[in-house]
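In this text, all values refer to a predicted model and were calculated from it rather than measured experimentally.
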Amino acid sequence: MESESEPYVRLASLRQLHQVMADMNTARSLADTLQTVANGVVTALGYELACVNLVRPDGDLVVAAFSGNQAAEALITGRVGSRESWDRRLSMGETWGDLVFIPHTEGWVLDDDDVPQWYTDGPAPRFEDEWHPSDRLFAPMYTPGVQGGQCGELIGVLSVDRPRNGRRPGAWGREALQMYAFQAAIAISNARLRSNMQRALVRLEREQQALRASEESFRQAFEYAPSGMAIAEMGGDQHGRILRTNDALCRLLGRPASAMRRYSFSDLVHPEDIGTLLRTSAEGGRAELRLGRRDGTYVWVSLRNSVVADAADGPRFLLTHVEDIEERKRRELQLAHRASHDSLTGLPNSAELRSRLSSRLCQRPTHTGALESVDAAFGHPAFDANGHGFDFRQGGAAAFDTFDHHVHTVAPEGERDDGSKGLAVLFCDLDGFKSINDRFGHNAGDAVLIEVARRLSQCVRDGDTVARLGGDEFVILADGLGKADAADLAVRLRNEIIQPIRAEGRAVRVGASFGIGWAHCGMTADEVLKSADERMYVEKRSRPKQHRRAG
């Protein structure tokens, strides 16, 4: 192009330059764009060699493309020059607009720096504007922006060598190279943007594929989990409403999925377990409670909750894992029952009897100094001789039976029935039982004990306790009875026991002796039982031997 007389330029040359610039902007990748830029310098601008040095993220420049000489291309492509060395080069020599020309008279100082370069041989210049093999011409490329690019960021440098006409470029050649570098910077920036977008799209597609795979894995894990799974709303007016359930939970509760979406877990939980559900933390909470089946029965389950988010700032949902623990609970209840009940009769055993009795009793304060301080505070005795308290507010003297939020158990007083009621403890000892064991064997004796336990249980009220203390001794706890009521109960129980009992194919009979004790706070369970036991022996000795059993 430079061989043409300036300012006369052939139209074919302009068309060729236009085509090269068009090719730069239509290349498919960044690598193709860089190579097109280097090739265009050779094919359209009239230079034999062209090199594209691209700025890396660390600031140094790498030879990204080379054109004009395959040997040189193989030697220096991919090599790196430091940013310091390049800044030195771009600050030397002559400035032709945005171009930097370093004549051979100055360029020798650069021979030992780390910028990759190709050395060409040739004769020394014969006239003033002839190109010397050691001359250097650079066209910096800046990010698009202000015309001229000096305010932009350096993205690379075009280095050219050996003009075909052998002369340094004139005004037209310089302007054409400067314009070409400007357009190359635009093409490279666009190619980088496309490359980044393509990488982002590939990364996004991979993430979407991973998300779809994760969602499918979750769906399969949710739907086909062997235990129950549910997703419920979290927060808002519909907090806790069930949105989705799997087949295992529907089968466990005997409810279709469409019906489950009308409920929350608070609608399905056993009334006694509502508090347990409410105390369970939504975030990572766990509870064992009972859920209602469609047939009206309840099943023990373990609930484990975790929070999942639909997006980074999207709605949150509650993922609940429901595990059937009915069998484990049944075994636990069986073990607890065995530990607290007699294996033969099924009645509460001695330990359970003492536990139930102790739960009704408390130890009143007996420290003299403590009572005296209460007396001094009220100006009157705080407790009467029986341990009852008095309320002196408003000048009244009403008795009260509470202490530390506990309702005291108070025994009826005196020998006569004054109408007061308390916790009666009936100690029962079978008469004639030993002879049945001796005559008919222990199997017959066990049958008698089982039947006596059944009859005692049938004759008491709901809420009363019938326990086997050991051997042929039974204890009945009956609350809210007066003296006459307790005596009548003992008579009814005795009359029921003396009826014939079928044991080992024969009818046998046993008698029963009852001692009635009364529990009141301040006593221990053993003291209450001892009192009833002593009264039983008094009653047993007071009756003639022949009347102690009816046959």
Side-chain angles (χ1 to χ4, degrees), residues 211 214-341 352 355-356 359-360 404-407 462-463:
L211 179 60
S214 176
E215 290 176 344
E216 178 61 18
S217 298
F218 173 79
R219 186 192 68 79
Q220 293 189 11
F222 181 91
E223 293 292 344
Y224 302 114
S227 54
M229 302 288 287
I231 298 176
E233 287 192 15
M234 187 174 180
D237 297 336
Q238 298 294 319
H239 177 76
R241 183 173 66 89
I242 295 174
L243 301 175
R244 185 178 173 185
T245 57
N246 68 347
D247 291 341
L249 182 58
C250 293
R251 290 194 303 269
L252 177 63
L253 301 183
R255 302 174 186 270
S258 58
M260 289 291 292
R261 289 193 290 270
R262 298 197 297 265
Y263 299 104
S264 65
F265 280 109
S266 59
D267 299 324
L268 301 173
V269 74
H270 192 283
E272 295 179 1
D273 297 334
I274 285 288
T276 302
L277 180 66
L278 295 179
R279 288 191 298 270
T280 302
S281 170
E283 300 190 10
R286 180 170 183 168
E288 292 185 354
L289 41 76
R290 289 161 288 181
L291 293 180
R293 290 190 175 107
R294 186 177 183 180
D295 59 6
T297 61
Y298 288 89
V299 57
W300 275 101
V301 299
S302 172
L303 294 185
R304 291 200 303 274
N305 298 327
S306 57
V307 177
V308 294
D310 187 46
D313 297 319
R316 298 198 303 169
F317 300 94
L318 197 63
L319 177 63
T320 303
H321 176 248
V322 183
E323 182 181 1
D324 182 0
I325 59 171
E326 181 72 20
E327 183 63 25
R328 174 169 67 80
K329 277 293 183 179
R330 185 183 63 81
R331 291 195 300 268
E332 290 177 355
L333 292 174
Q334 287 178 346
L335 291 174
H337 186 273
R338 290 174 184 173
S340 60
H341 287 71
E352 178 67 11
S355 175
R356 295 187 185 184
S359 67
R360 291 295 312 278
D404 289 340
H405 307 290
H406 168 75
V407 178
D462 291 340

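Here E215 pairs with nothing under the salt bridge (charged side-chain N to carboxylate O under 4.0 Å, His left out) rule; sequence neighbours left out.
Taking CD of E332 as the reference point, atom CD1 of I325 lies at 7.0 Å (rounded to 0.5 Å). Rounded to the nearest 0.5 Å, atoms CZ (R304) and CE (M229) are 9.0 Å apart. Between the CZ atom of R338 and the CZ atom of R331 there is a distance of 11.0 Å, given to the nearest 0.5 Å. Rounding to the nearest 0.5 Å gives a distance of 8.5 Å between CG of D295 and CZ of R255. Considering CG of L291 and CG of L252, their distance stands at 7.5 Å, rounded to 0.5 Å. Annotation: the span from R290 atom CZ to E272 atom CD amounts to 5.0 Å, rounded to 0.5 Å.
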I242 vs T320, test: side chain to side chain contact (heavy atoms under 4.5 Å, CB included). Steps then yes/no. CA-CA 10 Å; I242 295 174; T320 303; over 6 Å; no

Could you walk me through whether I231 and L318 satisfy the side chain to side chain contact (heavy atoms under 4.5 Å, CB included) test, starting with their C-alpha distance in whole Å, then the side-chain angles of each, then the deciding distance to 0.1 Å, before giving a yes or no? CA-CA 6 Å; I231 298 176; L318 197 63; over 6 Å; no

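Residues D273 and Y298 are not in side-chain contact: their nearest non-hydrogen atoms beyond the backbone lie 4.5 Å or more apart. In this structure, L253 and T245 have side chains that are not in contact, with every pair of non-hydrogen atoms separated by 4.5 Å or more. Side-chain contact between V307 and L319 is absent, with no heavy atoms from C-beta onward closer than 4.5 Å.
For S340 (side chain) and A336 (main-chain N/O), a donor-acceptor pair under 3.5 Å exists by modelled atom type.
Residues R330 and E326 are not paired through a salt bridge, judged by the lack of any N-O separation under 4.0 Å between the basic side chain and the carboxylate. Salt-bridge annotation for E323 and R328: absent, with no side-chain N of the basic residue lying under 4.0 Å from a carboxylate O of the acidic one.
Around atom OH of Y224, no more than 12 heavy atoms belonging to other residues, nucleotides or ligands sit under 6.0 Å away. Sparse packing is recorded around CZ of R294, with 12 or fewer heavy atoms of other residues, nucleotides or ligands lying under 6.0 Å away.
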Which donor-acceptor pairs under 3.5 Å do the side chains of residues 259-266 make with protein atoms, sequence neighbours left out?
residue, atom, partner, partner atom, Å
S264, OG, S266, OG, 2.8
S264, OG, D267, OD2, 3.3

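Between L249 and A230 the shortest heavy-atom distance is CD2-CB, 3.8 Å. Here the shortest heavy-atom pairing between A232 and G240 reads CB-O, 3.8 Å. Taking each heavy atom of A248 and G228 in turn, the nearest pair found is CB-N, 4.0 Å.
Applying the salt bridge (Lys or Arg N to Asp or Glu O under 4.0 Å) test to every pair with at least one member in residues 239-250, sequence neighbours left out, gives these pairs: E223-R244, E233-R241.
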